[in-house]
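Structure first, commentary second.
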There are 2 protein chains.
Amino acid sequence: MNALAPRPVERGRPAGRTTRQRSAVRRVLDDCADFVSAQALHERLATTDLPVGLATVYRTLRELERAGHLDVVRDKTGERRYRKRPDDGHRHYLICRACGRSRPVESQAVEEWAERTGRLSGYAAVEHIVELTGICTRCRRDKPERPDGGHG
Amino acid sequence: MNALAPRPVERGRPAGRTTRQRSAVRRVLDDCADFVSAQALHERLATTDLPVGLATVYRTLRELERAGHLDVVRDKTGERRYRKRPDDGHRHYLICRACGRSRPVESQAVEEWAERTGRLSGYAAVEHIVELTGICTRCRRDKPERPDGGHG
DNA sequence: GTTTTTGCAAAGCTTTTGCAATCCG
DNA sequence: CGGATTGCAAAAGCTTTGCAAAAAC
């Protein structure tokens with residue numbers, strides 16, 4: 001559930017090799033364009049021409065995360081979910097606790113607050129985590145709230 | 001690292017029995033007045049007149065959390081840390097990634113942003129998670145940054 | 001005297017790691 | 001070829017759960 005702060009990024013670091021597995025992971029991330037857990041990714045890939053090992057999925061995600069290509073979120077169970085980050089910078093999201101679907105929200109106010117608070121505090125390398133969860137209009141009609149935040 | 005949103009709280013629910021163990025847990029939480037992990041709590045209690053089992057610590061924390069008495073945060077390792085919530089409502093914190101110490105920050109701007117964003121979205125029961133991390137002035141001089149956010 | 005709570009050990013989950021086999025360049 | 005990468009299974013953590021013994025009211 002935590003949309004990542006603008007990391008003091010390690011962008012531009014050695015990219016590693018381009019393997020079929022890594023490409024496959026990126027492709028799925030692009031395709032769904034919503035938050036997915038490592039395990040879900042692994043399952044989707046399992047039904048593919050090129051199944052990818054769970055460990056590799058995790059490793060690839062960690063890499064993409066470090067490179068600043070992903071927004072990351074943690075649900076109440078502690079599971080991490082990943083979503084492709086737009087090229088023009090990180091986003092914050094409003095995530096439905098019932099169906100798991102996410103939408104980016106306007107967050108300039110928080111960005112400014114975070115920047116200002118960090119600056120005034122005298123702390124170095126201040127990062128922020130901000131996220132919103134709720135029940136979307138559709139789910140409010142249809143389903144009961146799931147405790148974990150949905151979207152296995 | 002997530003400072004909890006103003007829960008659609010379950011306050012005022014049956015409080016359960018008052019046992020020596022639960023009192024002990026609350027006492028430690030009051031004493032340190034900073035974020036502590038369940039395991040750290042358990043260790044502190046271990047050296048006491050009344051050691052408390054780890055499972056009991058977890059159960060007590062879960063209860064206090066549900067009752068809205070705690071602010072909760074998750075570090076990068078996924079470990080949860082708990083801190084007594086002031087009586088007048090939840091806070092957001094700036095936490096030092098090196099030493100783990102936390103200080104509440106002024107957060108009216110975020111509160112308003114969250115409220116407004118939730119209202120405009122049409123989502124129900126919107127909750128927010130907001131937190132800041134950085135390196136405090138003292139640690140900037142003294143120690144190197146720890147990867148996990150400190151305070152074992 | 002019931003009902004709740006405790007404690008221990010075992011189980012559950014997600015994520016990480018060791019290492020031989022494999023692949024990329 | 002040589003070093004990076006994959007996969008599997010095992011290991012690591014944190015947290016939860018089952019169940020008999022103990023405590024609370």
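Just so it is clear, the model here is predicted, and its values are computed rather than measured. Below, all heavy atoms of this structure are taken into account, side chains as well, without hydrogens, waters or symmetry copies.
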Anything under 4.0 Å to a heavy atom of chain B counts; send over the first and last such nucleotide of DNA chain C, read 5' to 3'.
-> C/dT3 to C/dC8
Heavy atoms under 4.0 Å, any strand shown: does B/Arg59 hit a base, just sugar-phosphate, or nothing?
-> base
Should A/Arg91 and A/Asp71 count as an ion pair when the cut-off is N to O under 4.0 Å?
-> no
Can you check side-chain hydrogen bond (donor to acceptor under 3.5 Å, both in side chains) on B/Glu111 and B/His92, steps first, answer last?
-> CA-CA 10 Å; B/Glu111 297 295 342; B/His92 297 294; 3.0 Å; yes
Between D/dG2, D/dA23, D/dT15, which nucleotide has the shortest distance from any of its atoms to the side chain of A/Arg17?
-> D/dG2
Could you give the CD-to-P distance, from B/Gln39 to D/dT15, as a whole number of Å?
-> 6 Å
Figure out the CD/C1' separation between B/Glu63 and D/dT16, and round it to whole Å.
-> 15 Å
Given side chains that start at C-beta, do those of B/Ser102 and B/Cys96 come closer than 4.5 Å, heavy atoms only?
-> no
Under 3.5 Å, side-chain donor or acceptor atoms of residues 115-124 of chain B against the rest of the protein: list the pairs with distances, not counting sequence neighbours.
| residue | atom | partner | partner atom | Å |
| --- | --- | --- | --- | --- |
| B/Glu115 | OE1 | B/Arg119 | NH2 | 3.1 |
| B/Glu115 | OE2 | B/Arg119 | NE | 3.1 |
| B/Thr117 | OG1 | B/Trp113 | O | 2.7 |
| B/Thr117 | OG1 | B/Trp113 | NE1 | 3.4 |
| B/Ser121 | OG | B/Gly118 | O | 2.6 |
| B/Ser121 | OG | B/Tyr123 | N | 3.0 |

Calculate, to the nearest 0.5 Å, the distance between atoms CG and SG belonging to B/Leu41 and B/Cys32 respectively.
-> 6.5 Å
Round to a whole Å and report the spacing from NE2 of A/His42 to C1' of D/dG7.
-> 9 Å
On DNA chain C, more 5' by nearest nucleotide between B/Gln21 and A/Tyr82 is B/Gln21
Within this structure, what is the CZ-to-C1' distance between A/Arg62 and D/dT6, rounded to whole angstrom?
-> 14 Å
Counterpart residues, salt bridge (Lys or Arg N to Asp or Glu O under 4.0 Å), relative to B/Arg83 (two or more places apart) | B/Asp34
